[in-house]
Every structure is written in C-alpha cells, then in structure tokens.
Amino acid sequence: MANWKPKTNAVHGGTRRSQYQEVSEAIFLTQGFVYDSPEQAEERFIETGPDEFIYARYGNPTVRMFEERLALLEGTEDAFATASGMSAVNVTLMAAARPGMRIVAARALFGSCLYILEWLEKFGAEVVYVDGTSEAEWRAGVTPGTDLVFLETISNPTLEVIDLALVTRLARDAGALSVVDNTFSTPVGASAATQGADVVIYSSTKHIDGGGRGLGGIVLGNEDFIRGTFEPYAKHTGAALSPFNAWMHLKGLETLVLRVRAMADSATRIATALDGHAGLARLIYPGLTSHPQHAVATRQMDHGGTMLALDLAGGKDAAFALLNALHVPVISNNLGDAKSIVTHPATTTHQRLPDEQKQALGITPGLVRFSVGLEDADDLIEDLMGALAVI
Ligand SMILES: *Cc1c(COP(=O)(O)O)cnc(C)c1O
C-alpha cells in the first residue's frame, strides 16, 4: 500500500498469492502461461491486464512482485526488473536514445556505464562529462536542448556525493530526463525519486540481494517512461530478470532497511575509530563531517552510507599489506554484502583506466574500498587497527 511506511512495504508490498495462499512468495519458474481458449489468448495479446502474463520476457508474477515492492519503497509509479544492473543502465540509455542526442554525465562513473556512453557516441550522441560535485559545471553543462542527464549518486570508489535536488532541478528546467544510478545510496532513507530523479536504477546484485547470491537490476520511474519508453525496448531485446533471482531479491527487500541501517551504523563507528590514523593519507566516509559533501549526504540518505574508502599513506605496498593482514573482510569486488569486502580498485575494478584518468578520479595506488558488512563492528575495528599497526 502506498501509504504504508517503508519497513512495512519492504515486507508486504507487491505480494501476490496463488490459490494455495502460501505465506512466502512463490517462485513462478515458468517461461510462459496457458490460456483457457484461443479467444482468451487473442484478447491477452491485444491487451494484457495487470494480473495477466504472456511470456516471461515481458513479465512474470514473481518478477512483478519484486518490481512492485521496490516501486513502493522508492515511491515511483512503476518499475521493470532486468537481468543485471548493467542491463538496467543499458536498456534505459538505448530506449531513450535519439539521433544526435545530448547527454550530460558525471565524470566519475562505473567503468561499464562509461562503456555504454562511449558506445552511444559512436552513433552520434554528444556526451559532455562534468565534475559531479561542481554546481558550476552542471549549470554550464545542462543547457536547453540537453536530452538526458546521467549520474551515480555516490561515486565509486571515491564516494563523492552528487546533489540530487540540484542536478535533477537543472535537468527538469532544461527539459532533460534525469537518470540516476542510486546503487551505492540504496533505496533506504530519502528516495532518489522523491528528490527529483525521473528514472532511478539499482543493481540489485548489491545491497538488495545482500548475500552475494545473484545478479539483478531494476529501473523505476513513472508509468509513462516505464511502459511507454522502457518496456517496448526491454521486452523485445531480452533484458528480463530470471524469476529465481527476482525471488531472491524480493526476499532481500524484506530485510533491506534493517541491514543497510546496521551497516551504516558500523561504517560510522569504523570511520570515527580510524579518523586521524597516522597510516592513512585520507579517510573518505560521507558520514564524517570532514567529507566535502557531508551535508548533501546526510540530507539525501538519512545515514552516511555503507561504504568507506581508505587511502594508505604507504601507497600500493601498504594497501596490499593491509588486505593481506585483515582477517574478517574478504577480498572481492562486490559490495553491500553481509560479509565485509575489501577491494583495491587501482589493480582490479579500475585497472584498465589510464594512469592520468585514475589520478583525475582520485584512484590512487593506496586506495582501498571497504564495503561494511553485518559483522560486529568491534571485530571489524579491532581487525583494521591490528592490520594498520602491522603495516
Ligand atoms: C555494480 C554496479 C552496477 C552494475 O551492476 P551489475 O548488477 O553488476 O550488472 C552499476 N552501477 C553501480 C553503481 C554498481 O555498483
């Protein structure tokens, strides 16, 4: 129900029960649906009602439950789930593409998002990159005639926070569609849609799954965009989420609010404990008052986030020594998992970027990304302090 609070919607929103009245949401692991008669099949192909399905590439009851539950949490009219976060970004940009379109994007983007924008440039799109934290650059970039504005609310891995209210207002004034990848912020707290984003994207592989089990993505927006622009392209090009993964992510939503708040509380405690440590050249956490966009972060998220970045004074050697000395977090490249995860972006997720681009984005050899999990914060702090003391 739209008037329920987020924690209630996260548990009950979008539930559809079969004739068996199951408690836990059913997995409709079916590609298609049968019809009572050819007349019914004909009717359904002319117009598919809200609780009718034709083919899993177009929609599936389990996938629909996931879409409706997250739309209620985000506060949008509608949603369409996709096979991964990247398919959500790709289909959104392809479905919105126009000959000679102008896109203004924040420079600090996930590598694969950058790849899609470069792909669009091959077909004549004009892509203008701006410093996401600079109001002046957004103002200069988002001129009338801009078709689309694309950004990630919190950048990876340096955790710059973009002012959603400001950028989405500039986009609206210019007549541009604002598309926001809100994966790092999560749908918990103030939603991106209520802060002005036209289209909101999540990689549900991250916090929504919360256990590193499988890929998923979702695109949320008004009915006009989802059904009029997104769905026609998505259903013909096969971006559909598997019903099994939709079920995992649907169940993930039940505990999302609790998990994200617990992770953010631990992240705050860790950041406070590490603040000023002699082994760190920089400690980046949007929840610390020293973060350049601290005010924006607290307004947008109601917490400081679940991610930290530590820049070790001793460079790559110190970063590797830290990763080798830690016992609790695992070395991997996912985020938002129950298990804390440490990543060395310069040699893994961002390895392919040329050195000068790494430098421009603040991806130094000493930078370590820390996705805070659900372990006891005291164990994480003790582990980090011990590892920093060793190196
Ligand atoms: C992980 C991630 C993606 C891609 O999601 P996949 O599910 O891995 O395809 C896109 N944007 C952001 C910000 C991400 O963290």
Side-chain angles (χ1 to χ4, degrees), residues 63 66-67 70 74 79-94 105-119 132 149-162 164 167 178-188 192 197 199-220 234 237-242 244-246 248-250 252-253 256 260 263 284 286 297 300-301 305-309 332-337 339 341-343 345 348-353 361 363 369-373:
V63 177
F66 172 54
E67 292 165 341
L70 194 46
E74 184 68 33
F80 197 103
T82 55
S84 66
M86 281 325 303
S87 74
V89 174
N90 183 48
V91 175
T92 299
L93 293 175
M94 290 302 157
R107 193 170 294 131
L109 287 182
F110 191 62
S112 301
C113 295
L114 218 52
Y115 180 89
I116 298 169
L117 292 175
E118 284 166 6
W119 188 262
V149 168
F150 183 70
L151 62 97
E152 290 167 24
T153 335
I154 303 183
S155 72
N156 175 28
T158 52
L159 312 179
E160 291 172 358
V161 184
I162 295 182
L164 270 183
V167 179
S178 55
V179 178
V180 172
D181 180 339
N182 205 39
T183 302
F184 271 53
S185 299
T186 83
V188 175
V199 178
V200 184
I201 293 174
Y202 291 102
S203 161
S204 57
T205 314
K206 313 291 167 56
H207 301 79
I208 294 174
D209 183 297
R213 288 162 291 199
L215 296 171
I218 193 161
V219 179
L220 303 112
T237 53
L241 178 62
S242 105
F244 187 80
N245 285 19
M248 287 194 299
H249 295 181
L250 178 67
L253 288 179
L256 180 73
V260 167
M263 289 169 174
I284 311 173
Q300 277 178 198
M301 296 197 289
T306 68
M307 305 290 293
L308 302 162
S332 188
N333 34 262
N334 191 22
L335 58 106
D337 198 291
K339 296 177 176 66
I341 294 176
V342 280
T343 313
T348 60
T349 53
H350 293 71
Q351 188 189 130
R352 282 197 197 87
L353 292 185
L361 294 174
I363 304 167
R369 191 182 81 180
F370 196 109
S371 169
V372 179

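Counting starts at 1 for both ligands and their atoms, following the listed order. Treat the numbers as computed from the prediction; the structure is a model and nothing was measured.
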- Query: Any N or O on Ser203 sitting closer than 3.5 Å to an N or O of ligand 1?
  - Reply: yes
- Message: To the closest 0.5 Å, what do you measure between NZ (Lys206) and CD1 (Ile341)?
- Response: 10.0 Å
- Sorted by chain and residue number, the side chain to side chain donor-acceptor pair (under 3.5 Å) partners of Ser84 (sequence neighbours excluded) come out as none
- Query: What atoms in ligand 1 come closer than 4.0 Å to a heavy atom of Gly85?
  - Reply: 5 (O), 6 (P), 7 (O), 9 (O)
- Considering only protein heavy atoms, which is closest to atom 10 (C) of ligand 1, and at what distance to one decimal place? Asp181 OD2, 3.4 Å
- Polar contact flag, side-chain donor to acceptor under 3.5 angstrom, Thr153-Asn182: yes
- Message: To check you understand the geometry: which heavy-atom pair defines the closest contact between Arg369 and Pro157, and what is its length?
- Response: CD-CB, 4.0 Å
- Atoms of ligand 1 under 4.0 Å from any heavy atom of Thr205, numbered from 1 in the order shown, are 6 (P), 7 (O)
- Message: Under the side-chain hydrogen bond (donor to acceptor under 3.5 Å, both in side chains) test against His207, which residue among Asp337, Thr306, Thr183, Thr186 passes?
- Response: Thr306
- Show which atoms of ligand 1 fall inside a sub-4.0 Å distance from at least one heavy-atom site of Gly216. 7 (O)
- If you compare His207, Met307, Met86, Lys206 by their heavy atoms, the one closest to atom 1 (C) of ligand 1 turns out to be Lys206
